[in-house]
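Accompanying notes for the structure given below.
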Amino acid sequence: MTIDLHTHSLASDGTDSPSELVANAKAAGLTVLAITDHDTTGGWAEATAALPAGLTLVTGTEFSCVYTGADGRDVSLHLLGYLYDPENEGLRQERIRLRESRLGRGEQIVRNLEADGYPVTWERVTELADGGAVGRPHIARVLVENGVVGSVNEAFEELLSAHGKYYAKKVDTDVFTAIELVRAAGGLTVFAHPFAHRRGPVVGVDVIAAMTAAGLDGIEIDHPDHAPEDRIALRALATELDLVGTGASDYHGTNKTTRLGACTTDPKEYERLVSRTSARVPIRLSA
Ligand code: AMP
Ligand code: FE
Ligand code: FE
Ligand code: ZN
């Protein structure tokens with residue numbers, strides 16, 4: 001079994017359509033694929049309809065969350081919610097709110113760039129997003145199209161950095177609320193790339209313990225943004241807190257250089273994860 005539990009499609013900031021994503025997953029030799037677009041279930045139906053024989057699909061969403069410390073400082077973090085009921089009303093409303101927040105904030109970043117003379121329009125950004133959850137990678141691609149930078153990655157280094165002068169914040173979900181909402185919808189939760197320092201400040205072990213007490217099911221250990229020492233620390237933490245440890249590529253098509261299956265989940269950990277919910281089961285088409 002080759003299992004990749006975190007990937008993106010055109011429903012958010014990936015570049016493969018959901019049909020292309022499942023076809024590419026099959027071609028890459030995966031046997032289990034999770035589709036986890038930001039703040040949406042938008043790709044689930046198409047991915048399910050196009051699912052090739054022999055590939056199991058785990059439906060999921062990467063929720064934009066925030067942890068507010070005792071000192072009032074916010075740390076943004078990502079929570080993967082798997083196999084939850086997409087019709088659960090509380091969680092559906094929260095996804096809508098998160099995507100609306102992405103619209104206002106994306107437009108604000110574009111206005112900030114425009115005010116300094118950068119050739120980027122909100123119209124082109126929304127055209128590229130094509131109704132999916134809008135993110136900074138869409139703005140990055142317009143900057144690439146217009147020759148401002150050479151790559152999406154380069155756009156993030158300065159112009160779109162969270163520390164840069166053009167940045168605007170989204171209004172994300174409190175991470176404990178998000179765990180509760182996904183659980184109430186019958187789903188599983190995995191903390192995505194907990195120690196991805198490169199993206200900004202990360203939370204400490206105490207917060208992961210508090211999330212576990214709130215019902216967190218697992219943590220991503222093997223992820224392209226985790227250094228070897230991060231993985232060692234997270235593996236020890238998973239054992240200590242009895243959390244499922246996963247691995248995944250966080251594939252975004254051509255928006256990143258990471259390939260499908262670049263990091264994978266141990267089949268035993270996958271079984272441990274999916275056995276924690278009976279609400280919904282992974283979708284498998286038999287050959
Ligand atoms: P946003 O969700 O709008 O805040 O944008 C963050 C998203 O941008 C993340 O989900 C990543 O997928 C993507 N991202 C962050 N850094 C980079 C990078 N250096 N190159 C490409 N994509 C990135
Ligand atoms: Fe992303
Ligand atoms: Fe993420
Ligand atoms: Zn992701």
Side-chain angles (χ1 to χ4, degrees), residues 3-18 21 25 33-44 47 58-67 75-82 95 98-99 101-103 105-106 109 125 128-130 132-142 144 151-153 155-156 160-162 167 169-170 172-173 175 178-179 182 189-203 208 211 216 218-226 230 234 246-265:
I3 304 163
D4 191 338
L5 291 181
H6 180 171
T7 69
H8 296 262
S9 77
L10 281 175
S12 66
D13 56 5
T15 59
D16 290 357
S17 67
L21 177 64
L33 171 84
I35 180 169
T36 55
D37 279 300
H38 296 285
D39 308 324
T40 187
T41 60
W44 292 12
V58 175
T59 51
T61 298
E62 184 173 22
F63 289 96
S64 306
C65 297
V66 61
Y67 169 77
V75 177
S76 73
L77 43 89
H78 288 170
L79 185 77
L80 294 159
Y82 294 115
R95 288 193 303 277
L98 286 167
R99 293 199 300 273
S101 171
R102 285 179 168 278
L103 286 174
R105 140 333 165 129
I109 295 176
V125 171
L128 283 180
D130 197 23
V134 178
R136 281 178 284 164
H138 298 109
I139 304 173
R141 279 176 54 204
V142 177
V144 173
S151 68
V152 167
N153 187 47
F156 270 89
L160 298 176
S161 157
Y167 187 71
K169 274 174 131 179
K170 299 188 265 81
D172 296 335
T173 310
V175 68
I179 292 172
V182 174
T189 52
V190 171
F191 186 177
H193 45 75
F195 287 174
H197 309 275
R198 200 167 53 89
R199 299 167 179 237
V202 300
V203 296
I208 301 178
M211 287 165 68
L216 182 72
I219 49 177
E220 261 183 353
I221 297 173
D222 291 307
H223 181 282
D225 290 358
H226 284 159
D230 298 325
L234 287 165
T246 68
S249 65
D250 204 353
Y251 173 76
H252 278 71
T254 58
N255 276 344
K256 287 188 183 174
T257 53
T258 313
R259 291 160 178 238
L260 279 164
C263 295
T264 56
T265 298

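Counting starts at 1 for both ligands and their atoms, following the listed order. Position 1 is the first residue of the sequence; numbering continues from there.
Residue Glu62 counts as close to the Fe ion (ligand 3), with an N, O or S atom under 2.8 Å. Among the atoms of His6, an N, O or S atom falls under 2.8 Å of the Zn ion (ligand 4). The Zn ion (ligand 4) has His8 among its coordinating residues (N/O/S atom, backbone or side chain, under 2.8 Å). At a threshold of 2.8 Å, the Fe ion (ligand 2) has no backbone or side-chain N, O or S atom of Asp250 nearer than that distance.
Atom CZ of Arg259 is surrounded by 12 or fewer heavy atoms from other residues, nucleotides or ligands within 6.0 Å.
Take the N/O/S atoms of Asp250: the one nearest the Zn ion (ligand 4) is OD1. Closest approach between the Fe ion (ligand 2) and any N/O/S atom of Asp13 involves OD2. Here the N, O or S atom of Glu62 that is nearest to the Zn ion (ligand 4) is OE1.
Remark: at the Fe ion (ligand 3), atom ND1 from His78 and atom NE2 from His193 enclose 100°, rounded to the nearest 10 degrees. Our summary of the site lists the angle at the Fe ion (ligand 2) between NE2 of His38 and NE2 of His252 as 120°, to the nearest 10 degrees.
A heavy-atom distance below 4.5 Å is not found between the side chains of Thr246 and His6. Inter-residue side-chain proximity for Tyr167 and Arg105 is flagged as met; some heavy-atom pair is nearer than 4.5 Å. The closest side-chain heavy-atom distance from Asn153 to Lys256 is not below 4.5 Å.
Contact check on Asp250 versus Arg199 returns a salt bridge, with a Lys/Arg side-chain nitrogen under 4.0 Å from an Asp/Glu carboxylate oxygen.
Proximity of a side-chain donor or acceptor of Thr264 to a complementary backbone N or O of Ile3 within less than 3.5 Å is not detected. For the pair Ser9 (side chain) and Ser17 (backbone), a donor-acceptor distance under 3.5 Å is absent.
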